[in-house]
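Each remark here refers to the structure printed beneath this line.
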4 protein chains.
Amino acid sequence: MARPRVNKKQDILQAATGLFAAQGFDGTTTLQISKEAGITEPVIYYHFKGKDDLFTRIIITAFAKFFSQMDTLPSKTETEFEKIENLISLHLDIVKEMPDEIYLAVSTCPSRLKDPEGICRRSVREMRRRLKAYLAGCLEKGIRQGEFHSVPLDATVNLLSALLNGLIRQRGLKLKEVKGVKETAVEFCRRSLVKNAFGHR
Amino acid sequence: MARPRVNKKQDILQAATGLFAAQGFDGTTTLQISKEAGITEPVIYYHFKGKDDLFTRIIITAFAKFFSQMDTLPSKTETEFEKIENLISLHLDIVKEMPDEIYLAVSTCPSRLKDPEGICRRSVREMRRRLKAYLAGCLEKGIRQGEFHSVPLDATVNLLSALLNGLIRQRGLKLKEVKGVKETAVEFCRRSLVKNAFGHR
Amino acid sequence: MARPRVNKKQDILQAATGLFAAQGFDGTTTLQISKEAGITEPVIYYHFKGKDDLFTRIIITAFAKFFSQMDTLPSKTETEFEKIENLISLHLDIVKEMPDEIYLAVSTCPSRLKDPEGICRRSVREMRRRLKAYLAGCLEKGIRQGEFHSVPLDATVNLLSALLNGLIRQRGLKLKEVKGVKETAVEFCRRSLVKNAFGHR
Amino acid sequence: MARPRVNKKQDILQAATGLFAAQGFDGTTTLQISKEAGITEPVIYYHFKGKDDLFTRIIITAFAKFFSQMDTLPSKTETEFEKIENLISLHLDIVKEMPDEIYLAVSTCPSRLKDPEGICRRSVREMRRRLKAYLAGCLEKGIRQGEFHSVPLDATVNLLSALLNGLIRQRGLKLKEVKGVKETAVEFCRRSLVKNAFGHR
DNA sequence: CATGAATGAGATTTCATTCAT
DNA sequence: GATGAATGAAATCTCATTCAT
């Protein structure tokens with residue numbers, strides 16, 4: 001009878017995500033968010049502490065989702081490079097899955113990294129920690145087992161992080177895209193890392 | 001008696017660059033800039049059209065400097081890979097040369113890419129155009145002459161751009177740095193692109 | 001306990017009208033208006049788009065009131081001159097009814113007539129259109145029926161408009177007033193327009 | 001050899017008159033005036049006390065010119081109505097002679113009439129004094145000598161002032177003009193004032 | 001006389017946030 | 001839970017006016 005009790009909190013989050021992504025955090029007003037969400041401004045303050053809190057929740061949720069997907073990547077694979085391949089895939093797929101969130105993180109976080117307690121800084125730190133653990137694990141094992149060339153560990157982790165970050169940004173910012181990004185990235189890394197990469201393919 | 005003839009316009013630009021880099025464009029007020037520059041607020045408006053103009057000038061100057069350095073990269077080299085190596089070096093060196101400008105560009109531009117006439121969008125477009133021309137040139141020639149593997153052109157240009165962007169961002173954002181970034185990046189690319197990369201080194 | 005439910009929007013309009021009239025539009029600040037209206041500055045912006053909007057509303061309302069009164073002037077009268085008499089009366093009476101509005105229109109509009117889309121220009125144009133229609137109607141009919149001398153139509157409409165405008169301004173600007181303005185104006189016009197004006201009175 | 005030493009003071013006055021007329025006093029900045037006059041801002045302050053002073057001089061000069069022309073109207077004429085005719089002509093001709101000055105006075109003075117010591121108020125007062133003296137003189141004599149109908153003196157002076165003011169405004173504001181304004185005005189008044197106006201013409 | 005540069009004072013406007021109901 | 005109305009605090013920008021030279 002009553003209109004289906006929609007989840008206003010979710011409406012607000014969605015509206016905010018879209019607007020933040022489209023106009024930037026500072027460029028978006030709470031009034032716009034309320035209108036987009038079909039509610040009035042004070043409702044935002046009923047559900048959230050304020051505009052900053054809104055942003056925080058969005059970022060937390062987005063990173064949590066990413067981390068959770070990262071956690072489900074198979075830990076047992078035939079080769080170590082497969083794990084790296086999976087990580088590349090995850091990075092590129094996640095953008096398709098939550099484009100606004102990624103765009104928001106990619107476009108807004110950089111200018112907020114200065115605050116050491118801010119959610120951006122904390123999230124990025126955690127992200128790096130996880131990436132490093134994941135990649136260092138693969139590389140170390142792969143090198144030990146003779147699958148990979150003997151590359152410097154830290155610097156290569158760093159490089160792969162930079163590459164992944166560059167790729168996710170490229171896609172997140174909706175810059176013009178070329179075909180075969182994922183395959184090319186994978187092959188580029190394979191040739192560089194895997195011994196006898198040329199014999200197999 | 002006469003106050004040292006300082007160039008206030010430069011002072012303002014410098015103060016603005018630092019503050020924008022440290023706090024973001026929106027997070028910086030003209031009052032802060034004026035104080036940092038040791039002048040009063042209206043002086044900003046005497047020399048510049050407004051806050052946006054300040055930002056525009058900074059970005060224009062930074063990109064111009066980068067482009068000019070890119071233009072002086074040697075166009076004749078023994079191998080094509082050397083050119084790519086030079087480009088990587090340039091990217092990593094330029095950050096050291098104008099850290100605030102790069103940080104500003106890297107942290108503020110993403111959120112301003114929506115405006116198709118904005119200076120960020122225009123600069124990034126030009127940047128991509130130049131990178132693409134440079135890289136596509138190297139790759140094509142290198143492949144034709146048998147120096148490089150036969151990689152897909154557009155996608156590899158794209159990938160290298162992403163990598164360079166990731167590297168510059170990593171450094172520009174002053175994230176923790178590891179040793180040997182440049183060498184690692186160069187070797188990573190060499191192994192992936194150059195035939196017989198393993199025989200020589 | 002509850003503060004008397006005053007209509008703040010009306011308070012603002014009233015305060016603005018008075019101040020604009022007394023000090024001119026440019027000479028009046030939003031702060032003054034807010035103080036006069038017993039509210040804080042932002043309230044103005046809650047109810048109106050801005051200072052210009054305030055002015056626009058006042059002018060629109062004033063002209064609308066005038067036009068509406070003009071529309072209620074009797075269209076059937078014994079003589080055509082009576083209609084002109086009614087118009088003169090209306091002009092002089094309206095000033096008493098909304099002195100500030102008239103003063104504002106009379107004192108501020110002239111300097112804003114340049115903007116072809118501004119409310120002043122549009123209102124004055126509409127005013128002239130209506131005056132012309134009204135007067136030309138009377139004169140034409142009066143001449144045709146032999147009530148009036150055969151005067152040139154357009155030029156006389158023009159002249160009567162100038163006279164009415166001069167009268168309304170004189171009164172609107174609160175310049176010193178003499179007795180019998182209305183009667184004198186009516187008789188002046190009657191003698192000039194009506195045949196045998198001297199026989200009857 | 002040197003460029004002919006133009007009178008910069010005059011240039012400034014001229015520029016200011018034009019700009020004030022075109023954009024209003026408050027809408028015109030001293031910077032605009034200086035540019036229009038081909039000088040720099042401080043030069044204005046060398047020649048004048050400030051922006052207000054500029055306005056004052058313009059108004060004083062314009063009124064002085066008008067008054068001086070009024071003083072040269074023939075004091076001996078065959079009929080008293082001729083004097084009124086002359087006054088009407090003067091009003092309409094003066095606009096052609098100094099359109100910007102008149103436009104400025106007509107459009108800007110109304111909003112400045114409140115200040116009893118301001119130049120506008122003083123000029124308008126003087127204007128009214130002179131008009132009244134002139135018109136009252138004509139009417140009184142005309143009535144005494146049987147040339148005019150026996151109209152109420154003060155009120156008719158008032159009415160004629162309003163008419164003249166209305167006419168000058170109409171023309172000064174560059175509103176659309178009809179043909180035969182002057183003749184129509186003269187005849188309108190003649191019919192109303194002069195006995196046997198219909199026998200003669 | 002003239003100017004490039006500067007400034008004090010303030011104007012309009014915006015916006016996140018909060019009451020009172 | 002929700003809202004219409006309100007506000008404190010500030011931000012950007014303007015401008016007449018003045019120095020130092």
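The sequence lines fix the lettering, A, B, ..., with proteins before strands; numbering per chain opens at 1. It should be emphasised that the depicted structure is a prediction, and the values quoted were computed from it without experimental measurement. Values below: all heavy atoms of this structure, side chains included; hydrogens, waters and symmetry mates excluded.
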Can you tell me how far [atom2] of [N] sits from [atom1] of [X], to the nearest Å?
X	N	atom1	atom2	result
B:Ile44	E:dG8	CD1	P	14 Å
D:His47	F:dT17	NE2	P	16 Å
C:Gln32	E:dA9	CD	C1'	15 Å
C:Tyr46	E:dT17	OH	P	18 Å
B:Leu31	F:dA9	CG	C1'	13 Å
D:Ile33	F:dA16	CD1	P	8 Å
B:Asp53	F:dC13	CG	C1'	13 Å
B:Asn7	E:dG4	CG	C1'	13 Å

Give me, pair by pair, the N or O atoms of the protein and of nucleotides 13-15 of chain E that are less than 3.5 Å apart, along with how far apart they are.
residue, atom, partner, partner atom, Å
E:dT13, OP2, C:Tyr45, OH, 2.7
E:dT13, OP2, C:Lys51, N, 3.1

Closest listed nucleotide, where the reference is the side chain of A:Thr40 and the choices are F:dG4, E:dT3, F:dT7:
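So the side chain of A:Thr40 is nearest to F:dG4.
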Could you tell me whether C:Arg112 and C:Asp52 have a side-chain N and a carboxylate O separated by less than 4.0 Å?
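Salt bridge flag = yes for C:Asp52 with C:Arg112.
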Is it the case that the side chains of A:Thr28 and A:Gln23 hold a donor-acceptor pair, with the cut-off being a distance below 3.5 Å and no angle test?
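On atom types as modelled, these side chains qualify, holding a pair under 3.5 Å.
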In Watson-Crick or G-U wobble terms, both distances under 3.5 Å, what is the partner of E:dT21?
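Matched E:dT21 with F:dA2 under the 3.5 Å cut-off.
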Can you see which heavy atom on B:Leu31 is nearest to which on B:Glu41, and at what distance?
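Smallest interatomic distance, heavy atoms only, reads N-OE2, 3.5 Å.
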Which heavy atom of D:Gly172 sits nearest a heavy atom of D:Tyr103, and at what distance?
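Closest pair (atom of D:Gly172, atom of D:Tyr103, distance): O-CD1, 2.8 Å.
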B:Tyr46 six-ring face occupied by B:Lys9 cation (under 6.0 Å, within 45°):
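B:Lys9 over B:Tyr46 ring: no.
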A:Ser34 vs A:Ile39, test: side-chain contact (heavy atoms from CB on, under 4.5 Å). Steps then yes/no.
CA-CA 5 Å; A:Ser34 70; A:Ile39 45 123; 4.1 Å; yes
Return the orientation label for the C:Phe55 and C:Phe20 ring planes: parallel under 30°, perpendicular over 60°, tilted otherwise.
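C:Phe55 and C:Phe20: perpendicular rings.
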For a quick test of reading the model: is some side-chain N or O of B:Lys9 closer than 4.0 Å to OP1 or OP2 of E:dA5?
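No, outside the criterion.
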